[in-house]
Amino acid sequence: MDYRIDETTATISISGELDHHSLRETSLEVNRIIDTYLPKTLVLDMAGVRFMDSSGLALVIGGSRKMSELNGRVIVKNVPPQPMKVLNAAGVSRFVTIETTGKVV
Amino acid sequence: MNMKKHDKMKLEIESKSINEGFTRAAVAAFAARLDPSIEELGDIKTAVSEAVTNCIVHAYPDTIGSIQITCRVFEDYIEIKVRDYGRGIADVARAREPMYTTGGADRSGMGFTVMESFMDELRVRSKEGVGTTVTMTKRVKPRK
Ligand SMILES: Nc1ncnc2c1ncn2[C@@H]1O[C@H](COP(=O)(O)OP(=O)(O)O)[C@@H](O)[C@H]1O
Ligand SMILES: [Mg+2]
C-alpha cells in the first residue's frame, strides 16, 4: 500500500484483494495515516483493487466516519467494475464521493 | 431455467481467513465451464466470499470449524451451497436486513444484501447451536 501527502490531502493507493483476510492490516494502515497527518481530504485510490467484498465497504465507511469526526471528507477514485458494483449495491455514494475518471458520481 | 444437471464439486475447508481467497478461486474455476462473462464471474466470487466469510467470522467466532461448499452446475445456472456447523442465526429475516450486523465496526452488515443483489436466488436455513446453510443460484447467460 502506497500513500502520498500533498498539503492537506492524503492519497492512499489500495491494491490486491480487499476481503476480510486482508482488511485488518489495510485498515490499521489507513487509520495510522489519518492519525499521523490529520488530512482534510482522504483520497482512496482503488485502481489496483483486483477484488473487493463487503469487508471493503467497512473500510470505506469506517474511513468516512473517522474523517467526518475530523471535519474532513473521503473521495474514492479509480474504482474498477467489480468493486464499483459492491459500492453501488450498498449505496455508498450517499455518504462518500466516488470519482470516475474526472467525473464525480 | 434448464435443470439438467451436469456436474458437482464439493470442498471442505477449515474456518481460516486464508481460505476466503482460495474458495473464491476454486468456485470460479469450477464455474468457468458455463463460460460466464467477467461480470458474472465477479458476482459469483463476491457472493462466495460473503458466505464463506460469514462462516469464519460469525459461525465460529472463537473456534476453528468445518465449512462445506457444494457447487452444482446445470445447463445454464450454478447452485452454490455453503454450510457450517457453528453458532447459527436466531432471526434470519433480521440478519438479512441491510446494515444489520453483530460484528461491530469491522463489519458493514451488507453481506446478505450483496449476495441477494449479485445472485438470482438466496435461501438461508439456520438453527441456533446447530449451524447455517446458505444456498445461492445464479443463471449464466449463454454467449455466442
Ligand atoms: N454463517 C453464519 N453463522 C452465524 N451468524 C451469521 C452467519 N451469517 C450471518 N450471520 C449473522 O447475520 C449478520 C449479517 O450478516 P452480513 O449481512 O453478512 O453482515 P456482516 O457479516 O457484515 O455482519 C451477521 O452480523 C451475523 O450476526
Ligand atoms: Mg458478512
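Letters A, B, ... are given to chains in the order of the sequence lines, protein chains preceding strands, and every chain is numbered from 1.
Across A/G62, A/A90, A/S22, A/G56, the residue that shares the most heavy-atom pairs under 4.5 angstrom with chain B is A/A90. Comparing B/V114, B/T46, B/D43 by how many heavy-atom pairs each has under 4.5 Å with chain A, the most go to B/T46. Contacts with chain B were tallied for A/E17, A/K85, A/Q82; A/K85 has the most, counting heavy-atom pairs under 4.5 Å. Note: B/S108 leads B/S108, B/G103, B/G42 in heavy-atom pairs under 4.5 Å with chain A.
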request  = Decide yes or no on salt bridge (charged side-chain N to carboxylate O under 4.0 Å, His left out) for A/D53 and B/K45, but give the supporting numbers first.
outcome  = CA-CA 9 Å; A/D53 66 16; B/K45 286 169 86 168; over 6 Å; no
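No continuous path of hydrophobic side-chain contacts links A/I14 to A/F51 [ILVMFWY only; heavy atoms under 4.5 Å]. Cluster annotation: A/M67 and A/L23 are assigned to the same hydrophobic cluster (Ile/Leu/Val/Met/Phe/Trp/Tyr, side-chain heavy-atom contacts under 4.5 Å, transitive). Clustering ILVMFWY residues whenever any of their side-chain heavy atoms sit less than 4.5 angstrom apart, transitively, puts B/V134 in the very cluster that holds B/V27. Clustering ILVMFWY residues whenever any of their side-chain heavy atoms sit less than 4.5 angstrom apart, transitively, puts A/L18 in a cluster other than the one holding B/F22. One hydrophobic cluster, built from ILVMFWY side chains closer than 4.5 Å, holds both A/M84 and A/I12.
Scanning residues 68-99 of chain B against chain A with a 4.5 Å heavy-atom cutoff picks out nothing at all.
Side-chain contact between A/S54 and B/E50 is present, with heavy atoms from C-beta onward closer than 4.5 Å.
Atom CG of A/D19 sits about 7.5 Å away from atom OG of B/S17, to the nearest 0.5 Å. The distance from the NE2 atom of A/H20 to the CG atom of B/D106 is 7.5 Å, given to the nearest 0.5 Å.
In A/E25, the CD atom is not crowded: 12 or fewer heavy atoms of neighbouring residues, nucleotides or ligands sit closer than 6.0 Å. A 6.0 Å sphere centred on NZ of B/K127 holds no more than 12 heavy atoms belonging to other residues, nucleotides or ligands. The 12-atom threshold is not exceeded at CZ of B/R125, counting heavy atoms of other residues, nucleotides or ligands nearer than 6.0 Å. Counting non-hydrogen atoms of other residues, nucleotides and ligands closer than 6.0 Å to CD1 of B/I64 gives a total above 12. Within 6.0 Å of CZ in B/R33 there are more than 12 heavy atoms belonging to other residues, nucleotides or ligands. Atom CG of A/L28 is surrounded by more than 12 heavy atoms from other residues, nucleotides or ligands within 6.0 Å.
The part of B/I56 that comes within reach of chain A is its side chain, from C-beta onward, which places non-hydrogen atoms under 4.5 angstrom from that chain. Interface remark: B/S117 contributes side-chain atoms only to the contact with chain A (heavy atom separation under 4.5 Å).
Taking each heavy atom of A/A89 and B/M110 in turn, the nearest pair found is O-CE, 4.0 Å.
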